[in-house]
Amino acid sequence: MTGKDNIRVRFAPSPTGGLHPGNARIAVFNWLFAQHEKTKGNNAKYILRMEDTDEERSTAEHESSILEDLKWLGITWDEGPFRQSDRTKRYREVADVLFNKGFLYRCYCTEEECAQERAAQIKASKPPRYSGKCKKLTNEQKIDNDKNKTPYTLRFDVEKFINDINDGNDQLSYHDLIKNREATSMMSNPLKVIGDFVVIKQSGTPTYNFAVVVDDIDMKITHVFRGEDHVSNTFRQLMIFIALDVKGGDLPKYGHLPMLLAPDKTKLSKRSGGVPIHEYKEMGFLAEAMFNHLALLGGGIKGVEETDNKNTLAKAFDYKDTASSACVYDIEKLKHINTKIIQKLNEEDVFRLLTSDLNLNDNWKKYYSRELFAKIISLAKNGARLLTDVIGTIKIFTAGRSDDLPLNERASLDFKPEQKAIVDYLHKEFVVSKKQLSGPTWKETKEKIISLGVLSGGKLFKTLRLILTERTDGPPLDEIMLLINNDVVVERIKKARQIEG
RNA sequence: GUCCCCAUCGUCUAGCGGUCUAGGACAUGGCCCUCUCAAGGCUAAAACACGGGUUCGAUUCCCGUUGGGGACGCCA
């Protein structure tokens, strides 16, 4: 790990939930960093690691959901995914080393005891932390406990670290790549506020802080970019590293990114967009837009347009430009980026995305050739902000009687008595006489309807739009009518007549 | 409660001691385009949290106040 030639970063989510914008941003950031180094010729590697040490909450479903969402975002990894649950033996091995060095001791306290202890400390306005009472157990007590097979955890002896390694110094420092702009400034934390923390649980599995260190050593991680919520863990992890004789330039470099906030400056919630990434896909967002938005949040990239692709972003990326203050996750900005990108896309791209991301159904095949449908997509794409907007417009062309547009209710409300004449006319000509309404004959029909003199201008067009598309919005009627299948509009005329009653 | 971090328009940000009457983007208002909704074009309004220093000069450096965030688990 000495030379900086082989940069190795990792994204290490825990499969206790989906990939949320907060996590995803970390994934993007690390990817951007590795990719930036790669473009500079560095043999950088991006490692994916599942931190599934929480046996109760980790699930295979979450894991595959995270993996899928990463792939969708276009985040590729060079090694992994590794799973911490596969490495229990290795953690025990390293724990033994630490134990033999005297940095770990057995704690026989129950969870309830610890919780009570903490509660009492908070009540007494003291920092809640483990008292270390099991460290003071007499040999007889220890032997007794072991004879009774009392379950125990292994705790890290912070005091020993301070005295034996840190020369009695209570402060531990490191240079944070993001929080410390100056090369010489440091993050430091008094160690005394950190209680002796658990390293191996009663179940024999490692805690997060321990597994991370063992993995980061074994996987030769050089740079750790993660959320700000991990700063205090960094000091715990640093202690373990150093107790394990990994120090100085052999330690990974750390950079902590500020948290993503909801518009009300609180934690990102479901309502404020803190949902798994695939839900964004379902809402009609493009992977590229999502990636772009996440990459641009909190600075980090200069002189780049909002709609540039991943590699352009990676090239311009510099972790030193990242803001050190928290930022609000703004879905409106995402929508804007999405709009820009959709507008740049060609018809084939849109068709492909509609099929892959939104499971576009085959309804259209009943009415249109692929060539004709291409024209419809081009029309629908125009001005669309989300992919679901495109789907919405496509429904104008394909929705039959059984389709899910609930607009007949709205139509019944909007139809006024004077519009009856128009519906009657359309019904007579195109339902009873079975004339062709859509396509090249539309212009002629339109003239005739105007000559009826019932309605004119905007009112006329709005009425026609409502009858023929069952919607109040959409592309210009003339363009719709040129492309739409006759059967679809005839169905709608019938329906309009029924609604009129 | 204790410890750590942060602070420029509503939001994301540019700014790294004079170029700041503080720039851009999103959102918002107005106008144009238009049968509608969008998209697009033009335009307007909108910020250096506060108080002390340092300095000839602070948005920029230091300290404090306030406000916000994070951490203090056999969760990660």
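Chain naming here is simple, since letters A, B, ... match the order of the sequence lines and numbering starts at 1 in each.
Distance I194(A) CD1 to U2(B) P: 17 Å, rounded to the nearest Å. H256(A) places its NE2 atom 13 Å from the P atom of C5(B), with the value rounded to the nearest Å. When rounded to the nearest whole Å, the span between CG of L296(A) and P of U11(B) equals 18 Å. The separation between K192(A) atom NZ and C4(B) atom C1' is 13 Å, rounded to whole Å. What separates CE of M239(A) from C1' of A71(B) is a distance of 13 Å, to the nearest Å. One can place CD of E117(A) at 16 Å from C1' of U2(B), the figure rounded to the nearest angstrom. Note: NE2 (H293(A)) to C1' (U13(B)) measures 12 Å, nearest angstrom.
Picking from C3(B), C74(B), A7(B) the nucleotide with the shortest atom distance to the side chain of V193(A) gives C3(B). When the nucleotides U36(B), A7(B), A76(B) are ranked by their closest atom to the side chain of S325(A), A7(B) comes out on top. When distances run from any side-chain atom of S125(A) to the nucleotides G1(B), G40(B), C12(B), the shortest one goes to G1(B). Checking C35(B), A7(B), C26(B) against the side-chain heavy atoms of K462(A) singles out C35(B) as nearest. Out of C35(B), A76(B), C75(B), the shortest distance to the side chain of L477(A) is found at C35(B). Considering only side-chain atoms of P127(A), the nucleotide from C6(B), U2(B), C12(B) that sits closest is U2(B). Of the candidate nucleotides G69(B), C74(B), C4(B), C4(B) has the atom lying nearest to any side-chain atom of P190(A). Considering only the side chain of E332(A), C26(B) comes nearest among C74(B), C26(B), G70(B). Of the candidate nucleotides G70(B), G1(B), C26(B), G70(B) has the atom lying nearest to any side-chain atom of M259(A). Distance from the side chain of N189(A) is smallest to C3(B) among C3(B), A39(B), C12(B).
Using a 4.0 Å heavy-atom cutoff across all strands shown, P258(A) reaches no nucleic acid atom at all. At the heavy-atom level, T153(A) lies under 4.0 Å from base atoms of the strands shown. Across all strands, C114(A) comes closer than 4.0 Å to no nucleic acid atom at all (heavy-atom distances). Using a 4.0 Å heavy-atom criterion, one finds that R385(A) contacts the sugar-phosphate atoms exclusively. Within 4.0 Å (heavy atoms only), D389(A) reaches no atom of the nucleic acid at all. Residue contacts for P476(A): at a heavy-atom cut-off of 4.0 Å it reaches a base atom on one of the strands shown. Here G474(A) lies in heavy-atom contact (under 4.0 Å) with a base. Among the atoms of the strands shown, base atoms are found under 4.0 Å from some heavy atom of E111(A).
Map R155(A) and A323(A) each onto its nearest nucleotide of RNA chain B; the residue landing nearer the 5' end is A323(A). Comparing E479(A) and D264(A) by the nucleotide of RNA chain B whose heavy atom lies nearest to each, the residue mapping closer to the 5' end is E479(A).
When both distances must be under 3.5 Å, the Watson-Crick or G-U wobble mate of A44(B) is U28(B). Figure legend. U60(B) is base-paired to no nucleotide; pairs are counted as Watson-Crick or G-U wobble with both atom distances under 3.5 Å. Across every strand in view, A7(B) sits in a pair with U66(B) that passes the Watson-Crick or G-U test at under 3.5 angstrom. U19(B) is unpaired under the Watson-Crick or G-U wobble criterion, no partner having all donor-acceptor distances under 3.5 Å. Figure legend. U2(B) is base-paired to A71(B); pairs are counted as Watson-Crick or G-U wobble with both atom distances under 3.5 Å.
R87(A) has a carboxylate O that lies under 4.0 Å from a charged side-chain N of D218(A), or vice versa, which qualifies the two as a salt bridge. Ion pairing of D349(A) with K344(A) is absent here, as no side-chain N (NZ or NE/NH1/NH2) approaches a carboxylate O to less than 4.0 Å. Taking a cutoff of 4.0 Å between a charged side-chain nitrogen and a carboxylate oxygen, D216(A) and R49(A) qualify as a salt bridge.
At a cut-off of 3.5 angstrom, the base of A25(B) holds at least one donor-acceptor pair with the side chain of K333(A). You won't find any donor-acceptor pair under 3.5 Å spanning the side chain of R129(A) and the base of C72(B), going by distance alone.
With both ends at atom C1', the span from U59(B) to U19(B) equals 14 Å, rounded to whole Å. The same atom, C1', is picked in G17(B) and in A22(B); the two are 15 Å apart, to the nearest Å. Using atom C1' as the reference point in both U43(B) and A58(B), the two lie 33 Å apart (nearest Å). Comparing the P positions of U2(B) and U65(B) gives an interatomic distance of 13 Å, to the nearest angstrom. Only the C1' atoms considered, U66(B) is 46 Å distant from C32(B), to the nearest whole Å. Comparing A44(B) with G24(B), their P atoms are spaced 10 Å from each other, to the whole Å. With both ends at atom C1', the span from C9(B) to C74(B) equals 48 Å, rounded to whole Å. Here, A76(B) and A47(B) have their P atoms 47 Å apart, quoted to the whole Å.
For H175(A) (side chain) and M186(A) (main-chain N/O), no donor-acceptor pair under 3.5 Å exists by modelled atom type. Without hydrogens or angle criteria, Q343(A) side chain to K381(A) main chain gives a donor-acceptor distance under 3.5 Å. Put simply, the side chain of E347(A) never gets that close to the backbone of K375(A): no donor and acceptor are under 3.5 Å apart.
Taking a 6.0 Å sphere around NZ of K133(A), one finds it holds more than 12 heavy atoms contributed by other residues, nucleotides or ligands. Counting heavy-atom neighbours within 6.0 Å of E444(A) CD, excluding the residue itself, gives a total of 12 or less.
Within residues 224-233 of chain A, the residues that have a heavy atom under 4.0 Å from RNA chain B are, in order of number, E228(A), D229(A), H230(A), S232(A), N233(A).
For A71(B), the OP1/OP2 oxygens have no side-chain nitrogen or oxygen of R236(A) closer than 4.0 Å. Under 4.0 angstrom from either OP1 or OP2 of G40(B) there lies at least one side-chain N or O belonging to K340(A). Using a 4.0 Å cut-off, some side-chain N or O of T53(A) falls inside it from OP1 or OP2 of A76(B). Regarding contacts with the backbone of A76(B), a side-chain N or O of K201(A) is found under 4.0 angstrom from either OP1 or OP2.
A cation-pi contact, defined as under 6.0 Å to the ring centre and within 45° of the axis, is absent between R236(A) and F156(A).
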> What do the steps show when you test F29(A) against Y319(A) for ring-ring contact (aromatic ring centres under 6.0 Å, His included), and what is the final call?
Replying inline: CA-CA 8 Å; F29(A) 194 94; Y319(A) 70 81; 7.6 Å; no
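Considering only heavy atoms from C-beta on, L468(A) comes within 4.5 Å of W442(A) through its side chain. At a threshold of 4.5 Å between non-hydrogen side-chain atoms, the residues E55(A) and T53(A) do not count as touching.
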